[in-house]
Amino acid sequence: EVQLQASGGGLVQAGGSLRLSCAASGFNFGDHNIGWFRQVPGKEREVVSCISSYDGSTYYVDSVKGRFTISRDNAKDTSYLQMTSLSPEDTAVYYCAADLTRFVNSWCPRDMAGYDLWGQGTQVTVSS
């Protein structure tokens, strides 16, 4: 079955860290771009970061630059989002997504329309 499984969310105090994982199955993970998004109730889902399939090029939304790090381990079919210096504004459900349309690409999409497969989401709550 083609799927993504996000995990690693939880409750953390402001200033703390979390590492999210996105485990893929059912497709050639290394061939495809991966994105991380987040959504709070009443707001649109927004991109947080993405990583390309070809050379691991990365993108970060301005609000997380310097605090979050995206990575991928193609041998484990897993992407990670390391989050540090967390603030209450980072509280959201975090989703990982795969761009199954593009193969071995050095550019990853920066919006939801660029992704075809979505994980189930993992809740991150940052207390003040």
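We number each residue from 1, following the sequence as shown.
Cation-pi contact between Arg72 and Tyr80: absent, since separation from the ring centre below 6.0 Å together with deviation from the ring axis within 45° is not met.
Here Lys43 pairs with nothing under the side-chain hydrogen bond (donor to acceptor under 3.5 Å, both in side chains) rule; sequence neighbours left out. The side-chain hydrogen bond (donor to acceptor under 3.5 Å, both in side chains) test applied to Thr125 returns Gln123, not counting sequence neighbours. Remark: Thr69 engages Tyr60, Gln82 in a side-chain contact (heavy atoms from CB on, under 4.5 Å) (not counting sequence neighbours). Legend: residues meeting ring pair (Phe, Tyr, Trp, His ring centres under 6.0 Å) with Phe27, ordered by chain and number and at least two apart, are His32. Not counting sequence neighbours, Thr91 has no partner by the side-chain hydrogen bond (donor to acceptor under 3.5 Å, both in side chains) test. Here Ser85 pairs with nothing under the side-chain hydrogen bond (donor to acceptor under 3.5 Å, both in side chains) rule; sequence neighbours left out.
In terms of heavy atoms, Ser49 sits closest to Leu81 at CB-CD1, 4.2 Å. Shown here for Asp55 and Ser57, the closest heavy-atom pair between the two residues is OD1-OG, 2.7 Å. Considering every non-hydrogen atom in both Ser71 and Ser79, the closest pair reads O-OG, 2.9 Å. Summarising the geometry of Tyr94 relative to Val48, their closest heavy-atom pair is CE2-CG2, 4.2 Å, with the distance given to 0.1 Å.
Here the straight-line distance linking atom SG of Cys96 with atom CD1 of Ile51 works out to 13.0 Å at 0.5 Å rounding. Taken to the nearest 0.5 Å, the CD1 atom of Ile34 stands 10.0 Å off from the OG1 atom of Thr78. A distance of 9.5 Å separates OG1 of Thr58 from NZ of Lys65, quoted to the nearest 0.5 Å.
Sorted by first and then second residue, the pairs that involve residues 103-121 and meet side-chain hydrogen bond (donor to acceptor under 3.5 Å, both in side chains), not counting sequence neighbours, are Thr101-Asp116. Residue pairs satisfying the salt bridge (charged side-chain N to carboxylate O under 4.0 Å, His left out) criterion with at least one member in residues 78-92, sequence neighbours excluded, are listed as follows: Arg38-Asp90, Arg67-Asp90. Note on residues 43-91: pairs passing disulfide (SG to SG under 2.5 Å), not counting sequence neighbours, are Cys50-Cys108. Applying the salt bridge (charged side-chain N to carboxylate O under 4.0 Å, His left out) test to pairs two or more places apart or on separate chains, none has a residue in residues 4-15.
No side-chain heavy atom of Phe37 sits under 4.5 Å from any side-chain heavy atom of Glu46.
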Problem - Tyr59/Val47 under side chain to side chain contact (heavy atoms under 4.5 Å, CB included): CA gap, chis, key distance, verdict - result: CA-CA 9 Å; Tyr59 164 82; Val47 66; 4.0 Å; yes
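When hydrophobic clusters are built by joining Ile, Leu, Val, Met, Phe, Trp and Tyr residues whose side-chain heavy atoms come closer than 4.5 Å, directly or via intermediates, Ile70 is grouped together with Val93.
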Distance-only donor-acceptor hits, side chain of residues 2-24, under 3.5 Å, sequence neighbours excluded:
none

